[in-house]
Protein chains: 2
Amino acid sequence: MSYEEALKLENQTCFAVYACAKEITRLYQPVLRELGLTYTQYIAMLALWERDAVSVKELGERLYLDSGTLTPLLKKLEAQGLLTRARDAGDERQLLIRLSEAGRALREKALEVPEKVFCQSGVNIEMLLKIRSQMGELMTALQPVAAADQRGD
Amino acid sequence: MSYEEALKLENQTCFAVYACAKEITRLYQPVLRELGLTYTQYIAMLALWERDAVSVKELGERLYLDSGTLTPLLKKLEAQGLLTRARDAGDERQLLIRLSEAGRALREKALEVPEKVFCQSGVNIEMLLKIRSQMGELMTALQPVAAADQRGD
DNA sequence: TTTATTTTAATTGCATACAATTTAATTTGA
DNA sequence: TCAAATTAAATTGTATGCAATTAAAATAAA
């Protein structure tokens with residue numbers, strides 16, 4: 001591809017992924033509204049339903065989010081009564097996030113979310129699975145770069 | 001897939017795309033810093049380099065962004081001297097965005113961006129092309145839903 | 001023509017995102 | 001042991017992102 005072609009918006013893989021991510025988030029919104037969650041709050045709850053009593057750091061690593069994003073988000077979920085935030089007695093630097101009864105109960109309502117969104121999307125399941133696997137490949141390919149950036153080399 | 005499985009973070013296509021989009025944006029950042037642009041500012045400039053003297057509405061349609069995002073972003077680019085913002089004489093409702101000399105000149109430096117980012121990413125070109133085409137398919141599949149939401153049916 | 005409707009940006013308010021810095025706690029090393 | 005280095009969250013500052021509302025201009029309809 002020429003340098004000229006490479007600068008066209010339609011040829012940007014980055015833009016394609018960026019636009020899709022926003023569109024998908026928009027698709028979830030009406031369904032998640034019934035749970036009283038935003039999209040980011042939803043993925044945080046997904047992570048917590050799988051593993052409870054985790055530190056902000058661990059949660060952040062799973063969600064690719066830092067404390068600057070998570071701290072206010074978790075405070076909101078705490079204010080909604082879905083979880084508790086308490087320092088780890090063994091290591092006071094860490095803040096342990098634990099689901100409350102209400103937080104665990106919300107999972108029952110959330111069980112319907114994937115199906116609802118999928119039906120609404122009109123996308124076939126094969127495409128979805130292919131995309132997920134490709135995104136996984138891409139993340140795997142990019143992670144070394146991210147790690148190198150972290151180390152600063 | 002069971003309802004239980006469908007709720008696992010690793011099975012969320014939405015999360016895979018969301019995480020990839022953020023990772024890609026992060027990859028562009030150091031390269032774009034040399035141009036003095038953020039990622040969103042960069043895609044706005046890409047659109048303007050292809051077509052100049054457009055309204056905020058038209059630009060927004062191409063970038064999937066609304067005036068709430070574009071107005072402040074364009075004001076920043078104007079403050080940097082890359083473009084001008086002026087009402088259309090024929091239709092005062094519209095604000096026409098025009099590149100300045102500096103804005104057009106920046107394109108020369110930007111020509112190197114795609115190659116630099118690509119080399120840095122360590123991703124092979126086939127994967128990139130496949131992903132772009134899949135994202136295109138997904139957007140095409142989702143657009144009817146978005147349009148229906150707009151109409152409210 | 002004159003009012004009602006529609007269209008376009010701007011504004012407001014809320015929720016991310018993330019870099020950079022700060023603070024407190026813990027671990028390492030001299 | 002005890003100062004230096006490291007680690008984990010919180011905080012600060014900047015930049016999106018979008019829904020909802022507002023304001024101004026243009027168009028449609030009566």
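Given the structure is predicted, the values throughout are model-derived calculations rather than measurements. Chain A is the first sequence line, chain B the second, and so forth, proteins listed ahead of strands; every chain is numbered from 1.
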In terms of ring plane angle, is the pair Tyr64(A) and Phe15(B) parallel, tilted or perpendicular, where the classes change at 30° and 60°?
-> parallel

Does Thr69(A) have a side-chain nitrogen or oxygen under 4.0 Å from the phosphate oxygens OP1 or OP2 of dA17(C)?
-> no

Of Leu70(B) and Leu73(A), the one whose closest nucleotide on DNA chain C sits nearer the 5' end is Leu70(B)

Base, sugar-phosphate, or nothing: which does Leu65(B) touch, judged by heavy atoms less than 4.0 Å apart?
-> sugar-phosphate

Could you tell me the separation between the NZ atom of Lys22(B) and the C1' atom of dA19(C), rounded to a whole number of Å?
-> 14 Å

Would you mind classifying the nucleic acid contact of Ser55(A) as base, sugar-phosphate or nothing, using non-hydrogen atoms under 4.0 angstrom?
-> sugar-phosphate

Just one of Glu10(A), Glu5(A), Gln12(A) clears the side chain to side chain donor-acceptor pair (under 3.5 Å) bar with Lys8(A), so which one?
-> Glu5(A)

Side chain of Lys76(B) (C-beta onward), nearest among dA8(D), dT16(D), dA25(C) = dT16(D)

Phosphate-side-chain proximity, Thr25(A) and dG17(D), N/O vs OP1/OP2 below 4.0 Å = no

Ion pair check, Glu78(A) and Arg85(A), cut-off under 4.0 Å = yes

Leu59(A) CG - dA17(C) C1' separation (whole Å) | 15 Å

Comparing Gly90(A) and Pro72(A) on DNA chain C - which has the more 5′ nearest nucleotide | Pro72(A)

Using a cut-off of 4.0 Å on non-hydrogen atoms, how would the nucleic acid contact of Gln29(B) be classed: base, sugar-phosphate, or nothing?
-> sugar-phosphate

Does the distance from a Lys or Arg side-chain N to an Asp or Glu carboxylate O, for Arg93(A) and Asp88(A), drop under 4.0 Å?
-> no

In terms of side-chain heavy atoms of Arg93(A), which of dA9(C), dT7(D), dC18(D) is nearest?
-> dT7(D)

Touch class at under 4.0 angstrom, heavy-atom based, for Arg85(B) against every strand present = sugar-phosphate

Taken to the nearest whole Å, NZ/Lys75(B) to C1'/dT16(D) is 15 Å

Taking CD from Gln41(A) and P from dC14(C), how many angstroms apart are they, rounded to a whole number?
-> 14 Å

Determine, for Lys57(A) against Glu61(A), whether the closest basic-nitrogen to carboxylate-oxygen distance falls under 4.0 angstrom.
-> yes

Send over the distance from Asp66(A) CG to dT12(D) P, rounded to a whole Å.
-> 15 Å

Against the side chain of Thr40(B), the closest entry in dA26(D), dT16(D), dA17(C) is dT16(D)

Pick the nucleotide of DNA chain D nearest each of Val54(A) and Arg33(A); which residue has the one closer to the 5' end?
-> Val54(A)

Please work out if Ser67(B) contacts a base, only the sugar-phosphate, or nothing of the nucleic acid, heavy-atom cut-off 4.0 Å.
-> base

4.5 Å side-chain heavy-atom contact, Leu82(A) and Met45(A) = yes

Tell me what Asp91(A) touches on the nucleic acid: a base, only sugar-phosphate, or nothing, going by heavy atoms under 4.0 Å.
-> sugar-phosphate

Minimum-distance nucleotide to Arg26(A) side chain [options: dA19(D), dA10(D), dA25(C)] | dA19(D)

Could you give the NZ-to-P distance, from Lys57(A) to dC18(C), as a whole number of Å?
-> 15 Å

By nearest nucleotide on DNA chain D, pick out whichever of Gly68(A) and Asp88(B) is the more 5' one.
-> Gly68(A)

Please give, in whole Å, the distance from dA10(D) C1' to Glu92(A) CD?
-> 15 Å

dG17(D) OP1/OP2 closer than 4.0 Å to side-chain N/O of Tyr18(A) = yes

Protein-nucleotide distance (Leu32(B), atom CG; dT16(D), atom P), rounded to Å = 11 Å

